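Everything below concerns the one structure shown next.
In the text below, chain A, chain B and the rest are named by the order of the sequence lines, each starting its count at 1. The figures that follow rest on heavy atoms only: side chains count, while hydrogens, waters and symmetry mates do not. It should be emphasised that the depicted structure is a prediction, and the values quoted were computed from it without experimental measurement.
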There are 2 protein chains.
Amino acid sequence: MLESPRRTEPREPAITRQHVTNPSPIDADEPWMRGLHADTGYLLYRLGLRSGQLFNTFLQESGLRLRHYAVLRFLAGSDGALQRELSTRLGYDPSAIVGLVDDLEKLGFAERRPSPDDRRSRIVVLTTEGRAFLRDTDEAGLRVTNDLLGPLDPAEREALHGLLLRIAGDGLG
Amino acid sequence: MLESPRRTEPREPAITRQHVTNPSPIDADEPWMRGLHADTGYLLYRLGLRSGQLFNTFLQESGLRLRHYAVLRFLAGSDGALQRELSTRLGYDPSAIVGLVDDLEKLGFAERRPSPDDRRSRIVVLTTEGRAFLRDTDEAGLRVTNDLLGPLDPAEREALHGLLLRIAGDGLG
DNA sequence: AGCAATAATTGTTAACGTCAATAGTTGTTG
DNA sequence: CAACAACTATTGACGTTAACAATTATTGCT
């Protein structure tokens with residue numbers, strides 16, 4: 001086993017505000033690209049990054065980030081969720097959820113309510129304002145997707161969506 | 001425009017070592033999921049995250065991170081690249097490249113060589129050890145991809161890869 | 001009643017991206 | 001050809017962030 005280059009655990013922060021140094025266009029025909037993007041997994045990672053960037057750029061107008069959006073989206077489909085639930089389902093650390101919900105509460109998009117059965121837990125619910133906000137930003141999401149999927153025709157987009165759903169649907173989450 | 005919740009620019013660090021709190025399996029049939037994963041862009045982001053996680057888990061045995069891998073991969077297809085080139089093509093800050101190449105050099109996977117034409121630039125080249133390492137980790141990459149693309153049959157994987165390449169190939173980079 | 005387990009939270013630490021500044025070098029142009 | 005603008009790699013400082021440990025309050029078990 002090799003020594004860690006910087007004596008630390010691997011980590012991979014990804015999305016940045018504007019990405020000052022923007023990656024130049026990816027050209028699949030270039031020789032280095034064949035190697036770099038030969039693997040679907042890595043390709044997926046790279047595109048996920050780009051998608052997140054675009055999403056964040058749109059979201060940034062509202063002062064929220066992708067993580068907030070994920071929480072809101074989750075809440076929208078589950079009227080009321082324990083923070084613990086948000087943590088496990090979304091894959092964020094419990095301590096991260098605290099800040100996220102704090103932010104959403106400050107903006108009036110969500111509320112913490114006491115749980116009737118368990119006084120330790122708080123139930124996080126979406127406010128009507130939060131729901132309205134979500135509706136608005138969904139349009140932004142559509143624009144992003146449109147940007148991202150530029151070169152694909154509708155049928156191909158549908159196919160891609162289906163395939164991605166298949167992948168997501170499996171045990172990997 | 002709303003006020004930023006934490007008076008800071010949006011950012012979205014993504015990949016973590018093991019992701020202690022691992023997202024539970026995504027089930028497209030659940031009500032909240034329909035909303036959350038309805039959008040292809042967001043779905044792509046989420047899947048990219050997961051792919052990166054898996055990749056990093058494999059890479060972590062060697063003490064490297066995805067970024068190092070990206071650099072190595074680039075070098076493998078371009079025998080010799082200026083750091084500036086790495087920066088623009090990979091989308092990392094020039095100052096980040098310095099540390100990355102430092103690490104790779106320390107591990108003996110890459111070398112800095114003086115450029116004949118321009119004494120400012122250094123040419124970064126892959127060593128034979130670096131190439132060997134890359135070959136080894138490529139297997140890991142294959143395993144990752146295999147994990148990730150579990151529910152898809154070969155034809156579907158091919159289709160997905162093609163679609164993703166189309167997206168990557170366009171001007172978005 | 002006592003003790004392990006759990007939910008939310010706080011605090012600490014280390015890493016990371018961003019930006020500004022610097023040193024060395026090249027190209028340009030007045 | 002000399003002065004100056006542009007560029008490469010690098011360093012340093014700053015603020016933000018994620019990850020982890022520890023804490024508090026509460027519940028369940030036995």
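Rounded to an integer number of Å, the gap from CZ of B/Arg122 to C1' of C/dA23 is 12 Å. When the P atom of D/dT24 is taken as reference, atom CZ of A/Arg119 falls 18 Å away, rounded to whole Å. The NE2 atom of A/His68 sits 13 Å away from the C1' atom of D/dT16 (whole-angstrom rounding). Distance, B/Asp117 CG to C/dG27 P: 9 Å, rounded to whole Å. Taking atom CD1 of residue B/Ile97 and atom P of nucleotide D/dT11, one finds them 14 Å apart after rounding to whole Å. Between the CG atom of B/Asp102 and the C1' atom of C/dA15 there is a distance of 16 Å, rounded to whole Å. Rounded to an integer number of Å, the gap from A/Leu90 CG to D/dA18 P is 13 Å. D/dA9 atom P lies 16 Å from atom CZ of B/Arg113, rounded to whole Å.
A/Tyr69 and A/Asp138 are linked by a side-chain donor-acceptor pair at a separation below 3.5 angstrom, with hydrogens and angles left out of the test.
DNA chain D is contacted by both A/Ser95 and B/Glu85; B/Glu85 maps to the nucleotide lying nearer its 5′ end (nearest heavy atom per residue). When each of A/Leu82 and B/Asp118 is assigned the nucleotide of DNA chain C with its nearest heavy atom, A/Leu82 is the one assigned upstream, toward the 5' end.
Residue A/Arg67 has a polar side-chain atom (N or O) positioned under 4.0 Å from OP1 or OP2 of D/dA18. Applying the 4.0 Å criterion to OP1 and OP2 of C/dA8, one finds that A/Arg112 has every side-chain N and O outside that range. The side chain of B/Arg84 places an N or O atom within less than 4.0 Å of a non-bridging phosphate oxygen (OP1 or OP2) of D/dT8.
Taking every heavy atom of both residues into account, A/Glu85 and A/Thr88 meet most closely at O-OG1, 3.1 Å.
Each of C/dA8, C/dT18, C/dC16 was ranked by its minimum atom distance to the side chain of B/Arg65; first place goes to C/dC16. The A/Arg120 side chain lies nearest to C/dA7 when the options are C/dT18, C/dA7, D/dT10. Considering only the side chain of B/Ser121, D/dT8 comes nearest among D/dT8, D/dT26, C/dG11.
Classification of A/Asp136 and A/Arg131 as a salt-bridged pair fails, no side-chain N sitting under 4.0 Å from a carboxylate O.
You'll find the side chain of A/Leu126 stays beyond 4.5 Å of the side chain of A/Asp79, heavy atoms only.
Judged purely by atom type and a 3.5 angstrom limit, A/Ser51 has no side-chain atom pairing as donor or acceptor with the backbone of A/Leu47.
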